[in-house]
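All remarks here apply to the structure that follows.
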4 protein chains.
Amino acid sequence: MPRLAKEQLEQIHKERKIQIAQAATKVFAKHGIAGTKMSMISQAAGISHGLLYHYFNSKDELFTSLVKSAIETSTTEIQKLIEWTGGTPLEKIKLLTESIIDEDGAPFFQLLHIARNSKDVPDEVKELLTNYSLDFYIKQLFPLFKEGQENGQMVEGDTAELIAAYFTVLSGVMVLGDGYPLPRPELLLRILIKP
Amino acid sequence: MPRLAKEQLEQIHKERKIQIAQAATKVFAKHGIAGTKMSMISQAAGISHGLLYHYFNSKDELFTSLVKSAIETSTTEIQKLIEWTGGTPLEKIKLLTESIIDEDGAPFFQLLHIARNSKDVPDEVKELLTNYSLDFYIKQLFPLFKEGQENGQMVEGDTAELIAAYFTVLSGVMVLGDGYPLPRPELLLRILIKP
Amino acid sequence: MPRLAKEQLEQIHKERKIQIAQAATKVFAKHGIAGTKMSMISQAAGISHGLLYHYFNSKDELFTSLVKSAIETSTTEIQKLIEWTGGTPLEKIKLLTESIIDEDGAPFFQLLHIARNSKDVPDEVKELLTNYSLDFYIKQLFPLFKEGQENGQMVEGDTAELIAAYFTVLSGVMVLGDGYPLPRPELLLRILIKP
Amino acid sequence: MPRLAKEQLEQIHKERKIQIAQAATKVFAKHGIAGTKMSMISQAAGISHGLLYHYFNSKDELFTSLVKSAIETSTTEIQKLIEWTGGTPLEKIKLLTESIIDEDGAPFFQLLHIARNSKDVPDEVKELLTNYSLDFYIKQLFPLFKEGQENGQMVEGDTAELIAAYFTVLSGVMVLGDGYPLPRPELLLRILIKP
DNA sequence: TATGAATGAGTCTTCATTCAT
DNA sequence: CATGAATGAAGACTCATTCAT
């Protein structure tokens with residue numbers, strides 16, 4: 001058996017899987033779990049619904065894998081930002097905000113919103129979400145915000161509450177979707193900036 | 001021969017209908033249209049699924065009626081606030097924000113969010129929403145915000161954009177639901193206040 | 001307890017029952033068993049559906065009683081005609097034909113047609129129909145037709161077949177209902193008359 | 001990749017659809033619309049009820065398509081007979097009668113009878129039936145009957161009435177179904193023949 | 001008697017999933 | 001790997017029947 005062909009096939013398989021996942025993320029993000037039909041995903045991915053099952057065993061597994069990778073990505077991204085040493089805390093937060101708003105951060109937030117609110121979420125996802133809740137992000141971002149408060153750029157007060165509020169506002173805005181215009185980052189940042 | 005007067009029966013009927021509508025609002029708000037099963041509503045209302053159909057002809061009609069009354073209520077509430085002459089614009093906006101956050105404004109925003117984002121929304125609702133979009137609220141609130149800007153309490157700049165941003169943030173926060181803590185109004189209002 | 005009142009009440013009860021039965025016959029005749037809703041009957045009878053159950057225990061019982069009385073009536077009518085001694089056989093058959101066509105014989109035939117063709121007919125009705133099938137009417141009418149053939153007025157040939165044919169045609173025409181114009185008896189009788 | 005050519009698949013699909021339609025025709029013809037359950041049809045066709053919906057979108061659509069093709073077939077058949085030039089009018093009518101009685105003309109007539117008498121008929125069917133009523137057949141057959149009257153074979157009198165009567169009798173007989181023996185064509189034709 | 005609210009079994013329809021080709 | 005026919009569990013909705021008033 002030709003080894004190279006095999007690897008190529010695996011490569012193709014992996015790429016196709018990613019392509020399907022991207023299509024699926026958008027569909028789930030917009031329509032919810034129950035509102036998303038497997039046929040909608042297969043159509044969005046340009047394949048037959050039967051083929052979907054060569055890549056994912058079930059709707060549940062597909063959704064679970066999307067949530068998993070969303071959490072992983074976000075964790076990594078935030079971590080990279082934290083460790084980056086090229087600006088003031090406020091600048092970093094602005095960067096974070098902009099990157100979320102600019103790119104397609106929306107499906108990510110929408111996906112998590114759905115995962116948190118649906119009743120028919122796979123158990124595995126439920127467990128994931130207990131670990132990666134708001135508290136998790138507060139912990140990650142705490143040093144950054146604390147520093148911002150201490151250097152006088154950001155408003156004083158309970159740091160955790162501030163992070164929670166900002167993250168909530170950001171999540172909310174992202175969750176809304178097309179019907180609403182995304183506010184400019186400057187407007188959102190006013191929540192944090194010391195007058 | 002009915003022991004109770006016709007009017008009494010109608011009264012009971014109306015009250016029961018409202019009670020069902022309240023239960024249904026919460027369920028739809030949390031689970032979306034497709035995610036909401038009629039059995040979930042009937043259970044939430046404490047009745048059999050069959051009885052649901054004595055009060056609403058179909059899931060679609062039920063959902064439509066909820067959206068209708070949500071729009072009516074919100075329009076009236078805002079209008080009352082506008083016409084009230086007891087405070088500065090900023091105080092009024094604070095009151096509006098608080099009343100939304102405090103009471104059960106959440107289901108209302110969640111319902112409209114769902115109505116705006118689901119694909120299987122009844123046509124009647126689609127039409128309603130074209131009329132009662134963000135622009136509608138911007139128009140309603142414009143004088144209030146304009147006045148706030150002119151009296152120096154609120155930040156300058158494009159009034160419509162400011163309203164849109166504030167309303168978006170508020171909507172987003174309300175849509176998120178239980179998983180996130182509602183920020184204190186003061187934090188949100190910072191978006192508007194002149195430093 | 002006033003005796004007279006009691007009898008009056010029973011009288012009223014009986015009359016109401018007949019009135020309901022008449023309404024029900026028409027509805028069943030037109031819409032079939034499955035197509036007939038108890039609410040359609042109650043509405044046709046001008047009462048609430050609840051009250052229906054004071055007069056008939058169930059839809060099945062109601063339908064069964066209608067079929068029973070239809071069979072009884074028809075048997076009696078034909079018997080009366082046979083025993084009547086005022087005309088030639090052909091005249092009698094013409095009378096029979098006219099009386100069926102003129103009065104509301106249609107619901108009767110339609111009811112029996114339905115009883116014969118529906119799968120969800122009560123067992124009691126199924127049994128009744130095995131006894132009162134076409135053969136039953138052939139037997140009843142045999143002497144009349146035989147006499148008509150022997151006196152030269154009617155076509156010769158297998159008497160039973162002739163009766164069956166005529167009765168079938170008559171039944172068929174009656175079953176059709178409103179969409180078709182009822183043929184004049186003279187036209188139908190041509191099937192029987194000797195040229 | 002499909003092993004069978006696209007055309008073959010379509011061919012199979014079409015054949016299966018026809019097979020289902022034939023099964024459905026019989027079931028509807030016997031039990032009426034309300035009395036026909038989709039499970040009865042799927043069972044008669046030897047498939048699962050779910051598969052039914054790959055071929056027909058709904059019970060209504062299925063019924064409508066049956067009525068459509070019944071009307072088409074009958075129109076074509078009659079037209080062919082009219083245009084055929086191989087016999088006297090009476091012979092043609094006899095042929096028509098025989099062909100209706102012999103083959104499975106019964107389900108066709110029963111289907112139309114049901115379509116005409118049910119209240120829950122799809123609107124499309126209602127419209128079809130206004131166009132293809134008795135009058136339509138009278139118009140089609142008028143030349144044939146007129147000729148038969150003029151050449152002295154058939155009874156005189158109002159041609160349209162004669163056609164109506166004959167068609168009504170024929171329809172009625174066909175509608176009755178299994179419970180009654182189909183009369184020999186000769187007996188029915190006596191309605192038309194000049195003594 | 002009379003009404004209509006209430007229940008739940010039964011039917012239509014959708015869609016996740018399987019599998020022959 | 002790729003397709004779409006096929007299945008059946010689940011959910012929306014109807015309606016016969018019961019029962020409190």
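Since the model is a prediction, treat every value here as computed from it, not as a measurement.
Listed in residue order, the members of residues 112-125 of chain D having a heavy atom less than 4.0 Å from DNA chain F come to none. Proximity of residues 36-69 of chain C to DNA chain E (heavy atom under 4.0 angstrom from any strand atom) is restricted to C:S48, C:H49, C:G50, C:L51, C:H54, C:Y55.
At whole-Å resolution of the value, CD1 in B:I12 and P in E:dG4 are 13 Å apart. Whole-Å rounding puts the D:K17 NZ to F:dA6 P distance at 14 Å. Atom CD in C:Q19 sits roughly 13 Å away from atom P in E:dT1 (whole-Å rounding). In this entry the distance linking CD of D:Q11 with P of E:dT21 reads 18 Å, nearest Å.
Applying the side chain to side chain donor-acceptor pair (under 3.5 Å) rule to pairs touching residues 35-54 of chain B yields nothing, sequence neighbours excluded.
The side chain to side chain contact (heavy atoms under 4.5 Å, CB included) check on A:A70 picks up A:F108, A:L111, with sequence neighbours excluded. With sequence neighbours excluded, no residue forms a salt bridge (charged side-chain N to carboxylate O under 4.0 Å, His left out) with D:K14. Residues passing the side-chain hydrogen bond (donor to acceptor under 3.5 Å, both in side chains) test with B:H113, sequence neighbours excluded: B:N117. For B:E72, the side chain to side chain contact (heavy atoms under 4.5 Å, CB included) test picks out no residue, with sequence neighbours left out. For the side chain to side chain contact (heavy atoms under 4.5 Å, CB included) test, residues two or more places apart in sequence or in another chain that qualify with A:A24 are A:F28, A:I41, A:L62, A:L66. Every side-chain hydrogen bond (donor to acceptor under 3.5 Å, both in side chains) that B:N57 has, sequence neighbours left out, goes to B:E61. Remark: A:D178 engages no residue in a salt bridge (charged side-chain N to carboxylate O under 4.0 Å, His left out) (not counting sequence neighbours). Remark: A:Q22 engages A:I18 in a side chain to side chain contact (heavy atoms under 4.5 Å, CB included) (not counting sequence neighbours).
The side chain of B:R16 places no N or O atom within less than 4.0 Å of a non-bridging phosphate oxygen (OP1 or OP2) of E:dG4.
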Exercise for the section: Go through the steps to decide whether B:V121 and B:I114 satisfy the test side chain to side chain contact (heavy atoms under 4.5 Å, CB included), and finish with yes or no. Expected result: CA-CA 9 Å; B:V121 177; B:I114 281 161; over 6 Å; no

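Stem analysis of DNA chain F (Watson-Crick or G-U pairs, both distances under 3.5 Å, runs of at least three) returns E:2-21 with F:2-21.
Expressed to the nearest 0.5 Å, how far CZ of D:R16 lies from CD of D:Q11 amounts to 13.5 Å.
Mapping B:A34 and A:H13 onto DNA chain F by nearest heavy atom places A:H13 closer to the 5' end of the strand.
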